[in-house]
Amino acid sequence: MTEETKQDEGKLIAERRGKLNALRERGNAYPNDFRRNATADELQQTFHEHDDATLREEDVHVAVVGRMMVKRVMGKASFIKLQDRSGQIQARLERDRLAEGVYQDFKKWDVGDIVAAEGVLFRTKTGELTVLADRVRLITKSLRPLPEKFHGLADQETRYRQRYVDLIMNADSAAVFRTRSAIVAYIRAFLDAQDYLEVETPMMQTTPGGAIARPFTTHHNALDMLLYLRIAPELNLKRLIVGGFERVYEINRSFRNEGVSTQHNPEFTMLELYRAYADYEDLIDMVEALMHGMSDAVLGSTTVTYQGEEFDLGTAFPRMTVEEVILHFNPDLEASKLRDRDYLVGVCDAHGIPVRDNYGPGKLQIEIFEKTGEDNLRKPTFVTQYPTEVSPLSRCNDADPFVTDRFEFFIAGREIANGFSELNDPEDQAERFRAQAASRDAGDEEAMAFDHDYIRALEYGMPPTAGIGIGIDRLVMLFTDSPSIRDVLLFPHMRPEVFD
RNA sequence: GGGGCGUUAGCUCAGAGGUAGAGCAUUCGGCUUUUAACCGACUGGUCGUAGGUUCGAUCCCUACACGCCCCA
């Protein structure tokens, strides 16, 4: 650190740096030899029923450590609160119980420092479990002051950019990420119990596929080649179905080079799973079971409240086809003309939806569905029978090849999952890829590229399979009542901060 | 990409065309059961950046940066 930046440093940091320098002169300022014998919450749980007399009788010696979040000095005695991963525990420091000079040192310590305390448990006259310390040590000096204790850290930008401060100050925020972890753990247990194999497939690909989206590109220096960050793991996972694993899943990041919003982050987490000898209705059943079990396990209830709306995840969810949704929210439309391109173009014009020449009736249906239906699908709903035109990897419906055996799952107007019976006819798949390539040539940057190896894999024979992708971030938003995807990402994408 | 709102002390926030305030934190003093501890004293700011208007701008105008929300 240069003299200049030292001078530029705020007074508060400079004061603490002075204290750190004094510590350095007295020995190792960053020790790593303290070991606790309990966390705050373990103590709160274990001694929940003990009154002060019982605690003193049992003479419970404890060693705790954590960030000092509260410091109340009252002359020759003080109370502090130490925060660890489990919660907080109070300690009482008395000058005359501590070794000579320690209490004077302690008075120089700051809120935010990492502090260790050893002593016996008692309960204060207001009933708070407290460590009466006979030893106390400064474990790590904090050079930067924490936000104000009462209001905490409120500034959105700082909460996202300096998530570590947010996690220190806002228990609610930390709880969101514990819930996130619980959700992912529940999914793994749920799938492992059904003999699914968890796998990892490449994030850097030479041909991006498996979804309709624009990819990020990168460059491999040694091989001097263009690579894409995957937009979905789908095609690789289905290669593994060809390989015989029969039940596979991956929970990991995909990347889409699109806008950033409360619903979209450039990198996001999906569960994708594939199951041989199953169809999309088996997956609909699985989603119901998963949502039911997950809400029970994570929330302890089958009702979830999201942004003031209450949803019951304990029952079977209604199913509607895409065309039924369109007619439901546009009752003036004529059901018999829903596949008539000219008619649909007129509907799009009426809603201000831009139409391109290469849009067929299926694409037009989806545009109308997204514009008029999606937001209104509040209660958990399965929407089925997506047009073949917009479902290049899905198996056509046997009775009505205009649509596929596909569904999406909506809650609160948001797509949570997308699943279908997989297209395993290599010749049909090649034809669909050619159609995608054509619209790509026509200027649609989101259209899929022709993946020759994927066709080759299908030519070896992929068993009839159903697959699904579930957006983990959106699921976590739902279960934690978070309005923005940034609230459920530890480090959401931000424009770079300017350091001057 | 378009629109709206925001950016003031470490944090949470007031404020007004005449060079800036509170609470908490910091610093100093007091206090051996506190709970946003309390009591007393003090300290702390190129008011996001750059231009413009004005006798004078942190306030009005313009552009830019960053953030939040809505729309595409």
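In what follows, chains are A, B, ... by sequence order, proteins preceding strands, each numbered from 1. Source: prediction; values computed, not measured.
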Next item on the list: Looking only at side-chain atoms of A:L12, point me to the closest of B:rU33, B:rU26, B:rA72.
Entry: B:rU26
Note to self: When you compare the side chains of A:T158 and A:D155, does any donor N or O come within less than 3.5 Å of an acceptor on the partner?
What the structure shows: yes
Next item on the list: Pick base, sugar-phosphate or nothing for A:T158, based on heavy-atom distances below 4.0 Å to the nucleic acid.
Entry: nothing
Next item on the list: For A:L93 and B:rU35, give me the distance from atom CG to atom C1', rounded to whole Å.
Entry: 16 Å
Next item on the list: Under 4.0 Å between any heavy atoms, over every strand shown, what does A:S484 touch: base, sugar-phosphate, or nothing? Just pick one.
Entry: sugar-phosphate
Note to self: Distance check needed: B:rC39 P versus A:M74 CE, whole Å only.
What the structure shows: 15 Å
Next item on the list: Given ring pair (Phe, Tyr, Trp, His ring centres under 6.0 Å), test A:Y386 with A:F420 step by step and report yes or no.
Entry: CA-CA 9 Å; A:Y386 278 68; A:F420 41 87; 9.5 Å; no
Notebook entry, point to check: Nearest of B:rU26, B:rA36, B:rC28 to any side-chain atom of A:K19?
Noted result: B:rU26
Note to self: So A:F122, base contact, sugar-phosphate only, or nothing? Heavy-atom distance under 4.0 Å.
What the structure shows: base
Notebook entry, point to check: From B:rU34, B:rC68, B:rC24, pick the nucleotide closest to the side chain of A:K149?
Noted result: B:rC24
Next item on the list: Please work out if A:D96 contacts a base, only the sugar-phosphate, or nothing of the nucleic acid, heavy-atom cut-off 4.0 Å.
Entry: base
Note to self: Does B:rG10 have OP1 or OP2 under 4.0 Å away from a side-chain N or O of A:R144?
What the structure shows: no
Checklist line | Integer-rounded Å distance: B:rA65 P and A:M494 CE | finding: 16 Å
Check: What's the closest nucleotide to the A:R486 side chain, out of B:rG67, B:rC69, B:rU32?
Finding: B:rC69
Notebook entry, point to check: Looking at B:rU26, B:rU35, B:rC13, which one has an atom nearest to any side-chain atom of A:R72?
Noted result: B:rU35
Note to self: For a side-chain hydrogen bond (donor to acceptor under 3.5 Å, both in side chains) check, start with the C-alpha distance between A:S439 and A:N358, then their side-chain angles and the critical distance, and finish with the verdict.
What the structure shows: CA-CA 7 Å; A:S439 63; A:N358 62 333; 4.7 Å; no
Note to self: Return the CG to CZ distance between A:L235 and A:R230, rounded to the nearest 0.5 Å.
What the structure shows: 11.5 Å
